[in-house]
Amino acid sequence: MDAHDLITRNVEEVVTEVEVEALAEDPEGRRVYVGYEPSGVLHLGHLLTANKLIDLQEAGFEVVVLLADVHAYLNDKGTFEEIRETAERMQAQFLAYGLDEERTEFVLGSEFQLDEDYVLDLQALALETSLNRAQRAIAELQSGQTAKVSHVLYPLMQALDIEYLDLDLAVGGMDQRKVHMLHREELPGIGYEARPCLHTPIVADLATGVGKVSNTGSRILLSMEDSTEEIEEKVGGMYCPPTRDPGPDGEGNERHNPVLQLFQYHVFPRFESVTVERPEEYGGNVTYGSYDELADALDGGELHPQDAKNALAAYVDELVAPGREKLAELRA
RNA sequence: CUUUCCGUGGUCCAGACGGCCAGGACACCCGGCUGUAACCCGGGAGGCGCAGGUUCGAUCCCUGCCGGAAAGCCCA
């Protein structure tokens with residue numbers, strides 16, 4: 001796989017193609033980042049962007065992981081002390097998951113976001129940006145809650161981080177695209193150059209298959225701390241019609257097949273092939289060399305959802321195991 | 001600081017004259033149906049912000065407190 005394919009595989013949006021193609025010409029030593037609000041336990045959502053970072057690392061990029069403690073603080077996630085503690089655990093889990101320690105730089109937001117230059121640029125950006133524009137870029141805001149001033153500061157800082165971390169590329173889920181667009185539109189206004197961005201897809205709700213909507217926190221959440229048994233149980237409960245393309249639900253919400261999505265975005269990028277173990281009664285073991293082969297088999301009825309789930313649970317377990325051990329170690 | 005409005009299961013809402021088991025939707029848990037899940041069917045857990053007062057009796061009326069929202073200037 002060449003650099004460009006590696007950079008853009010499983011990506012939902014590339015902003016812009018031209019800029020990213022230019023990066024792909026000579027990726028060695030380029031800097032890319034993802035920012036995360038520190039969270040004690042990684043879940044599959046984190047790992048989706050982490051997979052992209054691993055791809056980019058393989059393509060020659062230097063990876064910066066921003067542990068956004070100040071952002072978490074602005075989002076009312078606790079005291080700085082608590083937040084930094086979870087940031088440390090988060091870092092350990094990312095390394096256990098497979099980020100190359102030699103080529104990954106972990107940066108705490110507070111290391112530079114409180115510097116005078118940064119703060120003054122933040123004021124400049126605040127002067128440039130309409131309240132409405134900033135408010136629309138806020139990623140997560142509880143439905144009933146009223147926006148606080150901290151909430152509009154949040155996206156402005158994200159935009160500025162990309163400059164201050166001296167990056168060549170920004171990565172985030174589709175939920176971050178508004179922030180990235182704010183960055184691209186407003187940063188030139190204060191004298192900086194906008195950077196290209198990659199947006200990874202957002203996997204549908206594991207329990208219902210509904211995409212985009214909900215965000216109320218799914219019933220099923222697969223995380224680094226799940227035991228093998230918990231993973232089997234959770235995967236067993238996932239929504240999985242025997243098709244690639246489930247129709248909309250009763251309310252007209254678009255649905256996806258999250259079991260297939262996990263194979264596509266989490267399993268195949270990290271394994272050469274996938275072997276589904278099945279009793280003879282159901283046709284015996286089968287091996288798929290690509291996501292499409294597996295998805296076609298499910299869609300065509302040759303692969304039963306239960307068997308697909310059994311295999312998925314086994315692979316997810318393998319992906320999560322190193323991080324799970326690391327967590328146990330940290331807690332001991 | 002002052003005024004007004006609001007505070008019912010996890011969430012969003014009902015509720016009455018003060019008394020009758022405080023209802024519903026969605027979510028959640030258990031079981032059935034499916035070789036998975038969903039759908040469907042059956043069952044279940046869970047609530048009146050706090051403290052006083054009035055009353056035979058308060059989730060409902062009164063006072064205070066806590067918490068949330070909006071307003072305060074000019075036009076008058």
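In the text below, chain A, chain B and the rest are named by the order of the sequence lines, each starting its count at 1. All values below come from the heavy atoms of this structure, side chains included, with hydrogens, waters and symmetry mates left out.
- Rounded to whole Å, atom C1' of B:A38 lies 13 Å from atom CE of A:Met238.
- Between the P atom of B:G67 and the NZ atom of A:Lys148 lies a distance of 13 Å, rounded to the nearest Å.
- Heavy-atom distances under 4.0 Å link RNA chain B to A:Tyr282 of residues 276-299 of chain A, given in residue order.
- When the P atom of B:C29 is taken as reference, atom NZ of A:Lys234 falls 12 Å away, rounded to whole Å.
- Residues meeting the ring-ring contact (aromatic ring centres under 6.0 Å, His included) test with A:Phe271, sequence neighbours left out: A:Tyr315.
- Whole-Å rounding puts the A:Leu221 CG to B:G10 C1' distance at 17 Å.
- Taking atom P on both B:C60 and B:G7, the two are 12 Å apart, rounded to the nearest angstrom.
- Applying side-chain contact (heavy atoms from CB on, under 4.5 Å) to A:Tyr33 and the options A:Asp166, A:Leu53, A:Leu165, A:Asp168 leaves one that passes, A:Leu165.
- Comparing the same atom, C1', in B:G18 and in B:A58 gives a spacing of 6 Å after rounding to whole Å.
- Mapping A:Asn310 and A:Arg255 onto RNA chain B via the closest heavy atom, the residue that lands nearer the 5' end is A:Asn310.
- At a threshold of 4.5 Å between non-hydrogen side-chain atoms, the residues A:Ser110 and A:Arg84 count as touching.
- Salt bridge status for A:Lys309 with A:Glu232: absent, with no side-chain N to carboxylate O gap under 4.0 Å.
- A:Asp307 comes within contact range of at least one nucleobase, with a heavy-atom separation under 4.0 Å.
- Judged purely by distance below 3.5 Å, without hydrogens or angles, the side chains of A:Thr200 and A:Tyr265 never pair a donor atom with an acceptor atom.
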What dot-bracket string describes RNA chain B from 5' to 3', counting Watson-Crick and G-U wobble pairs whose defining distances are under 3.5 Å, with [ ] for crossing pairs and | for pairs to another strand? (((((((..((((.....[...)))).(((((.......)))))....(((((..]....))))))))))))....

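- Residue contacts shown for A:Pro242 include a base, since a base heavy atom lies under 4.0 Å away.
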